[in-house]
Every structure is written in structure tokens, then in C-alpha cells.
Amino acid sequence: MQVHTNSVEALAFFKDGRRIITASMDKTLRIWDVEKRAFIGERFEGHCDIVMSVTISPDDRRIASSGEDNTIIIWDVKSKQMVFKPLVEHTRRVSSVCFSPDGERLASGSWDGRVIIRDAETGAVLSTLEGQGSVLCVTFSPDGLKLACGGPRGTIWVWCTDNAELLFNIDAHDGWVNSVVWSPDGQQLVSASDDKTIKFWDSLNGFQIGLPCTGHTDIICSLAISSDDSFIATASQDTTVRLWSTKSHLQIGQALSHTAYVECVAISPSGELLASGDSDGKIRLWSIENILSAIFGLDSSHHFYFAHRSKRKLARNLYVEALSDANKVRTISIFVSTFVTMFVGY
């Protein structure tokens with residue numbers, strides 16, 4: 001679906017799951033009705049350069065956007081008007097904005113090396129976190145007590161939001177950290193990078209958990225995690241979106257293809273839909289149920305039991321349980337393939 005005249009740089013689902021907000025290189029934002037496949041109202045216009053990031057308040061009443069014009073704009077969803085004038089404290093492009101879980105604060109990360117936390121109602125600056133380089137992404141922990149940020153040197157910083165103390169940093173990747181998310185329980189961080197990998201971290205000490213997810217063949221631009229913590233989705237300049245198990249770190253199903261760089265990805269609050277935006281200004285919607293169902297197209301008796309059981313769970317929307325059985329199917333498949341490879345010429 002063509003939603004912008006230029007690249008879709010960011011998108012997010014409203015909490016009701018029926019609407020999506022998109023931010024674009026064409027300097028505008030738009031709200032899209034998921035069911036009707038139609039725009040809702042006119043464009044949000046106010047930025048004078050590329051809109052790089054967008055976030056929605058927990059009550060769905062406000063939107064915050066940021067961009068290459070060094071500004072942050074807070075919008076009223078109903079009127080599509082600015083709540084107040086653009087916020088201009090940053091001196092370079094503002095690459096990321098994020099509301100706190102309670103909606104009372106707004107964090108922004110900029111190429112000027114600073115993270116600024118504001119009162120979301122008034123726009124007043126509450127605290128400033130001085131990083132050690134450009135900030136590419138920011139995200140509050142589920143309890144709002146911590147803030148994680150990613151940078152261009154492969155580093156993740158984790159701050160305490162109460163006193164602006166840097167708790168620790170992680171030498172995470174061999175390239176830019178373009179996206180970081182918290183697991184719903186706050187116990188893990190997940191990061192995606194220019195180095196084509198996704199990695200999992202213990203949020204208490206920064207230690208790596210398990211092996212990286214590998215499979216993308218180009219820069220990973222965006223990362224999202226399901227609300228039930230069962231899977232993540234990644235968007236890449238290899239023109240694909242991929243799903244990964246948060247338990248096994250293995251890819252789920254086949255890559256989902258675009259015809260252009262995929263710049264952003266989001267998962268609906270219910271976990272039923274996946275949305276992705278690309279550099280041609282298009283978004284695509286994917287059914288998670290259809291993606292998971294496609295995994296079970298195998299007719300081997302080795303997979304029958306778990307595939308059958310998982311299909312039944314999938315029909316009841318028990319996604320976590322269905323995914324657990326899907327991982328068993330995949331494990332059996334890998335084992336059988338490895339066994340055949342080892343002994344085929346014996």
C-alpha cells in the first residue's frame with residue numbers, strides 16, 4: 001500500500017490495534033486504518049525535513065515525532081495539530097523519541113550525543129543524559145525506571161531515569177546499533193545492528209544471552225518484540241522482514257519480502273498483525289497466524305505430532321504455545337537434515 005511519496009522511516013500501532021501512524025522522508029506523518037485500508041484524515045505537517053521517528057502515548061491521545069530538522073513535535077491525535085511549538089533543544093538530528101510506559105515523560109535521542117527526558121504534558125526538560133557519541137535509538141524499560149540507548153559505535157547504554165546515572169554500557173556490535181527493545185518482563189534487551197545480527201542481553205548486567213540471530217544479508221534497520229515475548233521481527237536493507245524465536249533465537253518461517261529496503265517494523269499489541277515500511281513509501285501488513293501456519297507445510301512423519309498440536313493451538317490464538325511446538329518441529333527438521341548430510345555418503 002502506497003502511503004507516502006518517499007521512504008517510510010518509522011511506524012507504530014495504536015493501542016487499539018486498528019490504526020497505524022507512519023513517519024516519512026516526505027516530512028509528513030499519516031494515520032492508516034488497518035481494517036479499511038484507508039487514510040484517516042489529512043497529513044500531519046510541521047517538520048521541515050525528514051521525519052525519523054514516531055511514538056504514540058499510552059492513552060492514544062498524543063503522538064510525538066522527531067527528525068532531521070533537529071526538532072520534536074508533540075501532536076494531538078484528534079485535531080492533528082501541534083500541542084505546542086516544536087521543541088528545539090537538540091542541535092543535530094533527533095533520531096528517536098519514546099514515551100514512558102505511564103505516558104508522563106518523553107525521551108529523545110540525538111546525533112548531538114544527548115538524551116533529553118521531558119515532561120510529556122508541558123514539554124519541559126526534566127533531565128539530560130550525556131552520551132559518549134551520537135544516539136540512534138532510545139527506549140524506556142517496562143517499569144519506566146531505566147532507559148536504553150544505542151549508538152553508532154556498537155554501544156548500548158543503560159541509564160537510571162530517576163537520577164540520570166549511567167548504570168552500565170555494552171560493547172554490543174561491530175556496527176551501528178539501530179534499534180533496541182526491552183522484553184515485556186524487563187529482564188532482557190534485544191538489539192539490531194548494521195553488522196546484520198540481533199543479540200540478546202541480560203538487562204541487569206549487560207551479559208549476552210545465547211547466540212545471535214543471523215540470516216539477514218544487509219543492515220538491520222528496525223526491531224520489534226511481541227507483547228507475549230514469544231517472537232521478534234526485524235526489518236533490513238536486504239529487502240526482507242524476518243521473525244525470530246526469543247527462546248531459540250532461530251528464524252521462524254521464510255523471510256517476508258519487499259521490493260525495496262525495509263526501514264521499519266512494528267507488531268500490533270494483540271500480536272496478530274505485523275506492519276513494515278519501505279524506502280518506496282509503501283507499508284505491508286502481514287498476518288502472524290498465516291506466517292506461523294506456513295511453517296507447518298511439511299508432511300514428514302517426524303513433524304506430524306508437533307505440527308498437528310501446534311495447528312490446534314494456533315486456531316485458538318494460543319500463540320506462545322503454538323510457537324513452542326513450532327520450535328520443536330524446526331529442531332526435528334534440523335536434526336534430520338544434519339543426520340542425512342553426515343551419513344548420506346557413508
Side-chain angles (χ1 to χ4, degrees), residues 10 12 52-55 58 64 66 90 94-118 120 126-195 197-210 212-213 220-227 229 232-234 244 246 264-267:
M52 302 181 70
S53 180
V54 65
T55 183
S66 67
H90 285 294
V94 187
S95 50
S96 182
V97 284
C98 178
F99 278 105
S100 61
D102 60 10
E104 295 182 359
R105 293 162 294 165
L106 179 73
S108 57
S110 168
W111 282 41
D112 66 12
R114 294 181 297 160
V115 175
I116 297 177
I117 300 177
R118 311 172 196 278
L126 300 175
S127 60
T128 300
L129 314 178
E130 297 288 345
Q132 301 170 1
S134 298
V135 180
L136 304 179
C137 52
V138 296
T139 177
F140 278 99
S141 60
D143 60 10
L145 299 179
K146 297 178 183 178
L147 189 76
C149 316
R153 297 174 184 171
T155 304
I156 298 171
W157 300 280
V158 178
W159 304 82
C160 174
T161 56
D162 283 344
N163 56 14
E165 175 190 359
L166 178 62
L167 299 176
F168 58 86
N169 58 52
I170 307 169
D171 185 12
H173 290 274
D174 293 326
W176 290 21
V177 179
N178 296 314
S179 190
V180 176
V181 298
W182 295 81
S183 61
D185 63 7
Q187 298 300 305
Q188 295 186 40
L189 286 165
V190 190
S191 57
S193 169
D194 273 12
D195 68 9
T197 68
I198 305 104
K199 295 182 179 180
F200 295 73
W201 312 94
D202 188 314
S203 64
L204 294 178
N205 52 33
F207 293 167
Q208 188 171 344
I209 300 172
C213 301
I220 303 173
C221 304
S222 179
L223 166 71
I225 190 166
S226 64
S227 58
D229 194 25
I232 58 172
T234 51
W244 312 84
T246 55
C264 50
V265 66
I267 301 170

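Only this structure's heavy atoms are used, side chains among them; waters, hydrogens and symmetry mates stay out.
Counting heavy atoms from C-beta on, the side chains of Ser191 and Val180 come closer than 4.5 Å. For the pair Thr234/Val265, no side-chain contact is recorded, criterion being any heavy-atom separation below 4.5 Å from C-beta on.
No donor-acceptor distance shorter than 3.5 angstrom exists from the side chain of Asp194 to the backbone of Gly175, with no hydrogens or angles considered. When atom types are taken as modelled, the side chain of Ser95 and the backbone of Gly109 share a donor-acceptor pair closer than 3.5 angstrom. Remark: side-chain polar atoms of Ser222 are not paired, donor with acceptor, to backbone N or O of Ala10 under 3.5 angstrom. Judged purely by atom type and a 3.5 angstrom limit, Thr246 uses its side chain to pair as donor or acceptor with the backbone of Asp229. Using a distance-only test at 3.5 Å, with no hydrogens or angles considered, no donor-acceptor pair links the side chain of Thr197 to the main chain of Pro212.
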Is there a side chain to side chain contact (heavy atoms under 4.5 Å, CB included) between Ile170 and Lys199 once you walk through the steps? CA-CA 11 Å; Ile170 307 169; Lys199 295 182 179 180; over 6 Å; no
Show the numbers, then the answer: is there a side chain to side chain contact (heavy atoms under 4.5 Å, CB included) between Asn178 and Ile220? CA-CA 7 Å; Asn178 296 314; Ile220 303 173; 5.7 Å; no
Could you go through the side chain to side chain contact (heavy atoms under 4.5 Å, CB included) check for Thr55 and Leu106 one step at a time? CA-CA 9 Å; Thr55 183; Leu106 179 73; 4.0 Å; yes
Checking Val177 against Leu136 for the side chain to side chain contact (heavy atoms under 4.5 Å, CB included) test, could you report, in this order, the C-alpha distance in whole Å, the side-chain angles of both residues, the deciding distance, and whether it holds? CA-CA 7 Å; Val177 179; Leu136 304 179; 5.6 Å; no
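A distance of 5.5 Å separates CG in Leu204 from CD in Gln187, rounded to the nearest 0.5 Å. Put simply, SG on Cys213 and CD1 on Ile232 are 4.5 Å apart, with the number rounded to the nearest 0.5 Å. To the nearest 0.5 angstrom, Arg114 atom CZ is 10.5 Å from Leu129 atom CG. Here Leu189 contributes atom CG and Trp182 contributes atom CH2; the two are 4.5 Å apart, rounded to the nearest 0.5 Å. A distance of 7.5 Å separates CD1 in Ile116 from OG in Ser110, rounded to the nearest 0.5 Å. If you take CD1 on Ile225 and OG on Ser183, they are separated by 6.0 Å, rounding to the nearest 0.5 Å.
Closest approach of Asp102 to Arg105, counting heavy atoms only: OD1-N, 4.2 Å. Here the shortest heavy-atom pairing between Ala12 and Ala266 reads CA-CB, 4.3 Å. In this structure, Ser203 and Gly186 approach most closely via the heavy-atom pair OG-O, 2.6 Å.
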Output side-chain donor-acceptor pairs under 3.5 Å for residues 138-149, partner residues at least two apart or in another chain, one line each.
{"residue": "Ser141", "atom": "OG", "partner": "Asp143", "partner atom": "OD1", "Å": "2.6"}
{"residue": "Ser141", "atom": "OG", "partner": "Gly144", "partner atom": "N", "Å": "3.4"}
{"residue": "Ser141", "atom": "OG", "partner": "Leu145", "partner atom": "N", "Å": "3.3"}
{"residue": "Ser141", "atom": "OG", "partner": "Lys146", "partner atom": "N", "Å": "3.0"}
{"residue": "Ser141", "atom": "OG", "partner": "Lys146", "partner atom": "O", "Å": "3.4"}
{"residue": "Asp143", "atom": "OD1", "partner": "Leu145", "partner atom": "N", "Å": "2.9"}

